[in-house]
Each structure stands twice: as C-alpha cells, then as structure tokens.
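By convention here, the first residue in the shown sequence is residue 1. In listed order, ligands and their atoms are each counted from 1. Worth knowing before you read on, the calculation uses all heavy atoms, side chains too, and leaves out hydrogens, waters and symmetry mates.
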Amino acid sequence: MTIKLKPFASLAGALVLSFGVASAAHAADAHAISIKDAWVRWLPNNLPAAGYATLVNASDKPIDLVDVSSDDYGDAMLHQTVSNGSTQKMVMVDKLTVPAHGQVAITPGGYHLMLEDAKHKVAPGDTVHLTLKFSDGETLSAPFAVKAPGQAK
Ligand SMILES: [Cu+2]
C-alpha cells in the first residue's frame, strides 16, 4: 500500500508544478482584454435579458469572444440581431472578434449577450456577473449593471 501511494504522490506533485507554470504564463497576458460600460437590459415577466458592453483589446493580435456564461442565468449566449427590411431576428453567433489594439461595442441593435432562465430574481438596480471566454484562453468575469428599458442609454 505504501509503495503504491508513492507514484500518486509524485504525480500530484507534477500536476501542482505544471499548474503553477500555466498560471504564471496566463498571468502575463491576463490584461489583453478589458470590459467597460457593461450593463444588462432587463425585461419584466422573466423575459430574456440582453447584456451589452464594450470589449477593449490591448494586445497586438485579434482576439475572439468565444463563450459566455453566468452564475445568475441558466443560459447565456452570443446573439446578433439581423435586420431583413422591416423585420428583425436574432441569430446565434460563434464568435465576435475584438481587433488588435481596438475595441468592439456590443450595443442594442447589433450583438448582444442573450440571458435566459434567471436563477434568482433579477431587478433593475441589481448587479449580475457574466463570464466571457476568449480565444487566447483568457476568461474575464465582469459585473453588469441591470437597467430597466427606460434607463438604457
Ligand atoms: Cu438574443
């Protein structure tokens, strides 16, 4: 039993070591993307809400937003509103590219972060948290201010 435990102990040591290296490498480029003006347009009666923000890329490479999740909502995804003449519809989007040394404004009428199945009561004045995942491996969790449609800018 003692003999069998030894390989496990060294394996655990190796895992801790490699995790430490990965974290250090990640920390070096942790600030490539930043989020500003983050807010959620709340709708009554448990209707899906939409998150908006401006993503800023400080790096010299384009970085894609590839996934959205939230502890406050059962379902979060990247959508784009597409206009066909007089009608509008929403389509799922795989990614949203933030240009090198540039920014992308996610604003009403274009892209939005669709938020469905709120896990608890969410009301204007609240703050919810969204986690955005990027193609460079970066993950950002940011507070979004919940606003009523009338408060939306
Ligand atoms: Cu949508």
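- Minimum-distance N/O/S atom of His79 relative to the Cu ion (ligand 1): ND1.
- Judged purely by atom type and a 3.5 angstrom limit, Asn57 uses its side chain to pair as donor or acceptor with the backbone of Ser59.
- The aromatic rings of Tyr52 and Trp39 lie tilted to each other, with the angle between the two planes from 30° to 60°.
- Counting only heavy atoms from C-beta outward, the side chains of Val68 and Leu130 approach each other to under 4.5 Å.
- The closest side-chain donor-acceptor pair between His101 and Asp60, if any, does not fall under 3.5 angstrom.
- With 2.8 Å as the limit, Met114 counts as an N, O or S neighbour of the Cu ion (ligand 1).
- Atoms SD of Met90 and NE2 of His112, as seen from the Cu ion (ligand 1), are separated by an angle of 90°, to the nearest 10°.
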